[in-house]
K.L.:
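Sharing a structure here in structure tokens format.
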Amino acid sequence: MVTYSISTIICTHNPRQSYLQRVLASLSDQTLPQHQWELLVIDNASNVDLARDLDLSWHSRAQCIREEKLGLTAARLCGFREARAEILIFADDDNVLAPDYLEHVLN
């Protein structure tokens with residue numbers, strides 16, 4: 001099993017695409033090298049399957065995971081199950097992170 005320093009988890013349900021894209025853009029600009037962290041987008045029973053339309057190709061350690069049980073608790077538990085790092089970061093689907101956020105967390 002591959003492990004990382006940080007698992008960044010975004011739980012979302014029917015997100016506003018423009019907000020989610022800003023969040024993902026802020027993550028793509030992180031100063032912490034991508035090989036040190038993974039990105040998990042938890043699609044919490046959205047009406048449209050996010051994995052079909054979400055472009056995470058900019059990060060080689062990113063995946064979109066579908067959680068059919070609706071609710072933030074179910075989505076976060078899914079994130080806990082799937083995460084492969086000891087440090088877990090939960091970011092809302094409308095939170096834009098500073099470019100050095102993950103680096104500061106790791107330090």
Side-chain angles (χ1 to χ4, degrees):
M1 173 183 268
V2 177
T3 58
Y4 308 102
S5 300
I6 296 175
S7 293
T8 303
I9 303 165
I10 302 171
C11 299
T12 189
H13 170 74
N14 294 331
R16 287 185 174 172
Q17 288 299 320
S18 61
Y19 286 15
L20 184 56
Q21 290 306 320
R22 279 184 271 180
V23 173
L24 294 173
S26 74
L27 287 168
S28 71
D29 292 338
Q30 290 296 303
T31 57
L32 186 68
Q34 287 185 4
H35 70 272
Q36 292 186 353
W37 61 282
E38 68 175 340
L39 172 61
L40 304 175
V41 177
I42 309 300
D43 176 1
N44 189 213
S46 295
N47 294 337
V48 175
D49 185 4
L50 293 181
R52 190 177 64 194
D53 298 322
L54 198 59
D55 180 13
L56 300 176
S57 63
W58 56 269
H59 194 305
S60 63
R61 291 162 176 84
Q63 54 183 318
C64 185
I65 302 162
R66 179 97 172 161
E67 171 54 56
E68 292 296 341
K69 185 175 180 184
L70 186 59
L72 184 55
T73 300
R76 286 187 175 169
L77 288 173
C78 178
F80 280 123
R81 283 191 305 272
E82 297 293 329
R84 294 177 274 177
E86 291 184 21
I87 300 171
L88 306 181
I89 301 295
F90 284 93
D92 290 337
D93 60 5
D94 61 355
N95 291 145
V96 174
L97 302 179
D100 58 353
Y101 185 84
L102 296 180
E103 192 171 1
H104 279 290
V105 168
L106 190 57
N107 290 332

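Please read all numbers here as calculations on a predicted model, not as lab measurements.
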K.L.:
Can you measure from CD (Glu82) to CG (Leu40) and round to the nearest 0.5 angstrom?
P.N.:
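Glu82 CD to Leu40 CG: 7.0 Å, rounded to 0.5 Å.
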
K.L.:
Does Leu102 offer a backbone N or O that forms a donor-acceptor pair with the side chain of Trp37 under 3.5 Å?
P.N.:
no

K.L.:
At what distance, to the nearest 0.5 angstrom, does CG of Leu72 lie from CG of Asp92?
P.N.:
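Taking CG in Leu72 and CG in Asp92, the distance rounds to 7.5 Å.
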
K.L.:
Is there a continuous path of hydrophobic side-chain contacts, each under 4.5 Å between heavy atoms, that joins Trp58 to Val41?
P.N.:
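Both belong to a single hydrophobic cluster.
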
K.L.:
Cation over ring, Arg76 on Phe90, under 6.0 Å and within 45°?
P.N.:
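Yes.
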
K.L.:
Only one of Leu24, Asp94, Ile89, Asn95 passes side chain to side chain contact (heavy atoms under 4.5 Å, CB included) with Ile10; say which it is.
P.N.:
Leu24

K.L.:
If you look at every heavy atom in Cys64 and Ala51, which pair is closest and at what distance?
P.N.:
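Heavy atoms of Cys64 and Ala51 come nearest at SG-N, 3.8 Å.
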
K.L.:
If we only count heavy atoms from C-beta on, is the Leu20 to Leu54 side-chain gap below 4.5 Å?
P.N.:
yes

K.L.:
For a side chain to side chain donor-acceptor pair (under 3.5 Å) with Arg66, tell me which candidate from Asp49, Asn44, Asp43 qualifies.
P.N.:
Asp43

K.L.:
Answer with yes or no whether the hydrophobic clustering places Val105 together with Leu39; edges join I, L, V, M, F, W, Y residues whose side-chain heavy atoms lie under 4.5 Å apart.
P.N.:
yes

K.L.:
Looking only at heavy atoms, which two atoms of Gln34 and Ser60 are closest? And how far apart?
P.N.:
OE1-N, 4.0 Å

K.L.:
Could you grab the distance from atom CD1 of Ile6 to atom CD of Gln36, nearest 0.5 Å is fine?
P.N.:
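It is 8.0 Å, given to the nearest 0.5 Å.
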
K.L.:
When hydrophobic residues are tied together by side-chain contacts of less than 4.5 Å, even through go-betweens, does Leu88 share a cluster with Leu106?
P.N.:
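No, no single cluster joins them.
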
K.L.:
Which atom pair, heavy atoms only, marks the closest approach of Asp93 to Pro15?
P.N.:
OD2-CB, 3.7 Å

K.L.:
Do other residues, nucleotides or ligands put more than 12 heavy atoms under 6.0 Å from Glu86 CD?
P.N.:
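Atom CD in Glu86 is not packed in, count stays at 12 or less.
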
K.L.:
Could you tell me the separation between the CD1 atom of Ile42 and the CD1 atom of Ile9, rounded to the nearest 0.5 Å?
P.N.:
6.5 Å

K.L.:
Rounded to the nearest 0.5 Å, how far does OG1 of Thr73 lie from CZ of Phe80?
P.N.:
10.0 Å

K.L.:
Among His59, Arg61, Arg84, which one satisfies side chain to side chain donor-acceptor pair (under 3.5 Å) with Glu38?
P.N.:
Arg84

K.L.:
Would a single hydrophobic cluster contain both Leu97 and Val23, if residues Ile, Leu, Val, Met, Phe, Trp and Tyr are joined by side-chain heavy-atom contacts under 4.5 Å?
P.N.:
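Yes; Leu97 is reachable from Val23 via cluster members.
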
K.L.:
Atom CD in Glu67, atom OG in Ser46: separation rounded to 0.5 Å?
P.N.:
11.5 Å

